[in-house]
Amino acid sequence: MKIGIGSYALFWEWNERAPEPLDIPQMLDRAAQLGCEVFQICDDPRVPYLSAAELTAIKTQASSLGLDLELGTRGTNPAHLREFVAKARLLGARTLRSMVQRVEVDERGLDGVAGDLSALIPDLDGADITLALETYEQVSTGELVGIVSSVDSPRVGICLDPANCVSALENPADVIESTAPFVTNLHVKDFAFTRNEGWVGFLYAGARMGAGLLDLDAELSAVYTDGRDPSAIVEHWVPWHDTIEQTIAIERDWTNASLTALRKWRDDHTYKEK
């Protein structure tokens with residue numbers, strides 16, 4: 001179980017509101033300072049504009065820091081994914097996280113999406129990369145499991161993030177149970193509902209690890225069994241607070257809490273072998 005952080009754990013530090021937004025090399029430095037073993041560059045709008053030389057330099061930096069790299073994008077368009085497979089290869093990343101978008105299912109159908117992903121297997125094999133499709137509200141967990149099952153390749157799995165599915169009225173425990181056998185990447189964040197002012201509705205947002213609704217032990221126990229050993233990537237949904245300084249301070253505190261919880265679980269458990 002390799003533990004690390006992703007771009008969404010540093011969201012407010014590389015956001016344009018930050019006084020000095022972090023660039024990708026600075027994010028790698030932060031991950032190393034936190035004792036992480038992996039960093040996932042996820043949905044970073046700067047990645048498409050990085051040259052091969054810049055990507056190779058990031059790989060060299062990560063290697064010097066003892067960090068594995070992962071890459072994240074969105075969509076299943078074959079040309080787009082092949083472009084990101086090439087970028088992941090330059091980074092030395094062996095996991096590429098993406099998301100099946102509703103418009104793709106509407107246009108091509110579940111079978112069409114599965115067929116496109118099946119055609120991508122030779123590219124993934126050649127680059128030694130696993131594609132991890134994230135659970136989220138646009139596509140039901142049942143549909144996502146169906147796509148991955150249809151592709152039926154160890155090169156295409158699921159990136160589990162049960163928090164994303166709540167807005168589609170899916171129970172996180174059900175999402176964990178149904179996806180666990182297919183999980184090749186794990187996003188770890190706690191989440192909670194709080195009443196809006198005047199008790200008019202709810203706010204659904206992130207929470208400090210252990211203060212929300214995520215049953216971390218149940219999630220990790222379901223995933224890390226039967227020989228599965230995906231990386232665990234810390235993320236957050238930190239709401240905006242009064243100032244950027246306050247918001248960043250809370251984000252950093254949540255990161256420390258999540259890393260501490262993951263390390264404690266890893267120290268306390270022996271993985272079940274096949």
Side-chain angles (χ1 to χ4, degrees), residues 1-6 36-40 42 67-72 76 88 93-100 110 113-114 117-118 120-122 124-125 127-136 139-166 170-191 209-210 213-235 258-274:
M1 178 188 188
K2 289 191 175 181
I3 296 171
I5 62 173
C36 295
E37 297 147 322
V38 57
F39 183 77
Q40 186 176 92
C42 194
L67 288 170
D68 290 342
L69 288 179
E70 298 176 350
L71 185 60
T76 60
R94 298 184 61 189
T95 295
L96 174 61
R97 166 273 199 187
S98 196
M99 308 171 91
V100 181
L110 296 172
V113 171
L117 294 175
S118 295
L120 190 70
I121 300 301
L124 297 171
D125 279 336
D128 193 20
I129 288 170
T130 298
L131 179 67
L133 302 171
E134 187 164 354
T135 57
Y136 78 130
V139 177
S140 73
T141 301
E143 289 174 317
L144 187 63
V145 168
I147 290 170
V148 172
S149 297
S150 179
V151 175
D152 192 23
S153 167
R155 289 295 182 189
V156 178
I158 287 177
C159 173
L160 173 59
D161 190 339
N164 293 341
C165 303
V166 174
E170 292 195 79
N171 187 302
D174 295 338
V175 174
I176 292 168
E177 180 182 4
S178 61
T179 61
F182 306 95
V183 172
T184 55
N185 196 228
L186 183 64
H187 283 177
V188 181
K189 64 170 173 273
D190 211 340
F191 50 93
M209 182 57 65
L213 298 172
L214 177 66
D215 187 338
L216 182 63
D217 179 69
E219 178 180 48
L220 299 180
S221 296
V223 169
Y224 292 96
T225 187
D226 296 332
R228 294 187 298 271
D229 196 25
S231 58
I233 305 298
V234 170
E235 293 191 338
S258 295
L259 290 172
T260 297
L262 285 170
R263 288 167 179 154
K264 183 179 186 305
W265 191 93
R266 182 173 63 181
D267 290 345
D268 290 347
H269 289 75
T270 300
Y271 302 159
K272 298 176 183 178
E273 299 294 336
K274 287 184 177 179

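In this structure, I233 CD1 and I3 CD1 are separated by 9.5 Å, a value rounded to the nearest 0.5 Å. Here the CG-OG distance, from L117 to S150, works out to 9.5 Å after rounding to the nearest 0.5 Å. Interatomic distance, L220 CG to L186 CG, rounded to the nearest 0.5 Å: 6.5 Å. In this structure, OG1 in T179 is found 4.0 Å from CG in L160, a value given to the nearest 0.5 Å. Atom CD of E37 sits about 9.0 Å away from atom CG of L67, to the nearest 0.5 Å. Rounded to the nearest 0.5 Å, atoms NZ (K2) and OG1 (T95) are 10.0 Å apart.
A donor-acceptor pair under 3.5 Å is formed between the side chain of S178 and the backbone N or O of D174. Side chain of S258 to backbone of M209: no donor-acceptor contact under 3.5 angstrom is found. No donor-acceptor pair under 3.5 Å is formed between the side chain of D68 and the backbone N or O of V38. Without hydrogens or angle criteria, R228 side chain to A180 main chain gives a donor-acceptor distance under 3.5 Å.
Heavy atoms only, all atoms of each residue included: P230 and Y224 are closest at O-OH, 2.7 Å. Counting all heavy atoms, side chain and backbone alike, T135 lies closest to P162 at OG1-N, 4.1 Å. Pairing each heavy atom of A88 with each of L71, the nearest pair is N-CD2, 3.7 Å. When all heavy atoms are compared, the tightest approach of E170 to T141 is OE1-OG1, 3.0 Å. Among all heavy-atom pairs drawn from L214 and D190, the shortest one is N-OD1, 2.9 Å. Residues C165 and Y136 come closest through the heavy atom pair SG-N, 3.8 Å.
Comment: E134 engages R97 in a salt bridge, judged by a side-chain N to carboxylate O separation of less than 4.0 angstrom. Salt bridge annotation for D267-R263: absent, with no cationic side-chain nitrogen under 4.0 angstrom from a carboxylate oxygen. A salt bridge links D128 to R155: at least one charged side-chain nitrogen sits closer than 4.0 Å to a carboxylate oxygen. Taking 4.0 Å as the cut-off between side-chain N and carboxylate O, E219 and K189 do not count as a salt-bridged pair.
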Worksheet item: Passes side-chain contact (heavy atoms from CB on, under 4.5 Å), L124 versus L131? Steps please.
Response: CA-CA 8 Å; L124 297 171; L131 179 67; 4.1 Å; yes
Worksheet item: Between M1 and L262, is a side-chain contact (heavy atoms from CB on, under 4.5 Å) present by the stated rule, with each step listed?
Response: CA-CA 9 Å; M1 178 188 188; L262 285 170; 3.6 Å; yes
Worksheet item: Where do N171 and V175 land on the side-chain contact (heavy atoms from CB on, under 4.5 Å) test, with the steps shown first?
Response: CA-CA 6 Å; N171 187 302; V175 174; over 6 Å; no
Discussion item. Determine whether T184 and I158 satisfy the following criterion, side-chain contact (heavy atoms from CB on, under 4.5 Å), listing intermediate values before the conclusion.
Written reply: CA-CA 6 Å; T184 55; I158 287 177; 5.8 Å; no
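Between H187 and Q40 there is a side-chain heavy-atom pair separated by less than 4.5 Å. The closest side-chain heavy-atom distance from S231 to N185 is below 4.5 Å. Within the 4.5 Å cutoff, side-chain heavy atoms of E235 are placed close to those of D161. Looking at heavy atoms from C-beta onward, M99 lies out of side-chain contact with L133 at the 4.5 angstrom threshold.
Among the candidates I147, I121, T130, the single residue satisfying the side chain to side chain contact (heavy atoms under 4.5 Å, CB included) test with V156 is I121.
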